[in-house]
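Following: one structure in structure tokens, then a few remarks.
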Amino acid sequence: MKILVTGGAGYIGSHTVVELQKQGHQVVIVDNLSNSSADVIDNIVKISGVAPVFEKFDLTDQALTADFFKRHSNIDGIIHFAAFKAVGESVANPLMYYRNNIQSLINILEGMKVNKIPYLVFSSSCTVYGQPDELPVKETSPIKEAFSPYGFTKQVSEAIIRDSVVAYPGIKAIALRYFNPIGAHDSALIGELPLGVPNNLLPFITQTAIGIRQELNVFGSDYNTPDGTAVRDYIHVVDLAQAHVIAVDRMISRKSKAPMEVFNLGTGNGLTVLEVINSFERVSGVKLNYRLVERRPGDVEKVWADTAYANEELGWKAKKAVDEMTLSAWKWELALADRKK
Ligand code: NAD
Ligand code: WQD
């Protein structure tokens, strides 16, 4: 099948392209490289031996997006990753986030409607749950008021898709709510490429270990958790990528049970920040320089996924344990350093 992957040069998108190609799908990537680089496309080819079609343009541009769909009207399905994702930046510049994340989705849905493209997989986030009242959090748990404009774009996007599948019955969708994706491809040819100072835990850990950063701040040690640090459900990016292929195949083979379905993608296990650090130290042999500091404003105390619905309905389960996640992230950081030499 011919699958459009928007944001396919990005972190999760690139891993998904590789998994799609492995399953024999033909991939078209659209990415404006606002948070990625063209080298990623070359590295995808090195891994899979297959070159995806790549078009560089901004999906918020309605005319360019419409023109793209005219030229590729035989696309069978779309996986829409393209979005901005930095929570803090979205607080500082909300209009930039609303424009990029919402306008691009609208242009995609219009393209689907006009060109009769039936299937959409959308990148949503566990951020839509805020701090859930009950853990593990289920897909049916209430959506809480968003903590950030970024989080709100995911809630609004899900609502836009829900309205669209009702109004345009030719469109079916699956929204995947990712928990905390970490790690990199085994080849260490693709991985996460944070611009500037990383916000997320794993890139900060690996950059500290390799000497780019002096010290990791562990935000909060007085949470109501086993060791006082916050708990998240970290999931290996390759496990996550594989779930996208299954979601596309589910729609193509008409196994969906509703015009729009929602699945949590996590491991179902919560880990504290210190547990992740311990894993990193164990697999890398590097003693990490870190200190416990104040809580980071806006952080939830703990969240992890109930994955039963995804496990049963998608027949998918995250396979990789934390040591594989931290080791692959470390190998990726080492490979990046090697390439810079
Ligand atoms: P990423 O920044 O690595 O990838 C996004 C890609 O989209 C980038 O290559 C960027 O250049 C491209 N892009 C952004 N805006 C675009 C536009 N207007 N037109 C064309 N291309 C555009 O991010 P990622 O971590 O791979 O995240 C992918 C998706 O998953 C995003 O929607 C993000 O919100 C969501 N998500 C990410 C996480 C996470 O922790 N990484 C967690 C939950 C959800
Ligand atoms: C994880 C834990 C931090 C950095 C974010 C988004 C969420 C989703 C995933 C997109 C927290 C702690 C972190 C550091 C630390 N993205 N930490 N020192 O905040 O769970 O989720 O990414 O949808 O929407 O909010 O991820 O990696 O930033 O933090 O102690 O330098 O690590 O406090 O407990 P988070 P994260």
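All ligand and atom numbering here is 1-based and tracks the order in the structure.
- Side-chain contact check for Glu19 and His25: no donor-acceptor pair (N or O, by modelled atom type) lies under 3.5 Å.
- Partners of Thr65 under the side-chain hydrogen bond (donor to acceptor under 3.5 Å, both in side chains) rule, at least two apart in sequence or in another chain, do not exist in this structure.
- Side-chain atoms of His15 and Gln242, non-hydrogen and from C-beta on, never get closer than 4.5 Å to each other.
- Considering backbone and side-chain N/O of Asp31, one or more are found under 3.5 Å from N/O of ligand 1.
- Counting protein heavy atoms only, atom 2 (O) of ligand 1 is closest to Asn35 ND2, 2.7 Å.
- Within 4.0 Å of ligand 2, counting heavy atoms only, the contacting residues are Val87, Ser125, Thr127, Tyr150, Asn180, Asn199, Asn200, Leu201, Phe204, Leu216, Asn217, Val218, Phe219, Ala230, Arg232, Tyr234, Val273, Arg296, Asp299.
- Between the side chains of Glu110 and Gln62, at least one donor-acceptor pair of N or O atoms lies under 3.5 Å.
- Residue pairs meeting the side-chain hydrogen bond (donor to acceptor under 3.5 Å, both in side chains) criterion with at least one member in residues 227-241, sequence neighbours excluded: Asp227-Thr229, Asp227-Thr272, Asp233-Thr267, His236-Ser328.
- Below 3.5 Å of separation, one finds no N or O of Gly7 facing any N or O of ligand 1.
- Of the polar atoms of Ala9, none of the N or O atoms is found under 3.5 Å from an N or O of ligand 1, judged by distance alone.
- For the pair Arg177/Val262, a side-chain contact is recorded, criterion being any heavy-atom separation below 4.5 Å from C-beta on.
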Donor-acceptor list for residues 162-169 side chains, cut-off 3.5 Å, not counting sequence neighbours:
from	atom 1	to	atom 2	distance (Å)
Ser164	OG	Ile160	O	2.8

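- Note: an N/O pair closer than 3.5 Å links Asn100 and ligand 1 by distance alone.
- For Ser125, no nitrogen or oxygen atom sits less than 3.5 Å from a nitrogen or oxygen atom of ligand 1, counting backbone and side chain alike.
- Counted by atom type alone, Asn107 and Gln103 present one or more donor-acceptor pairs between their side chains at under 3.5 Å.
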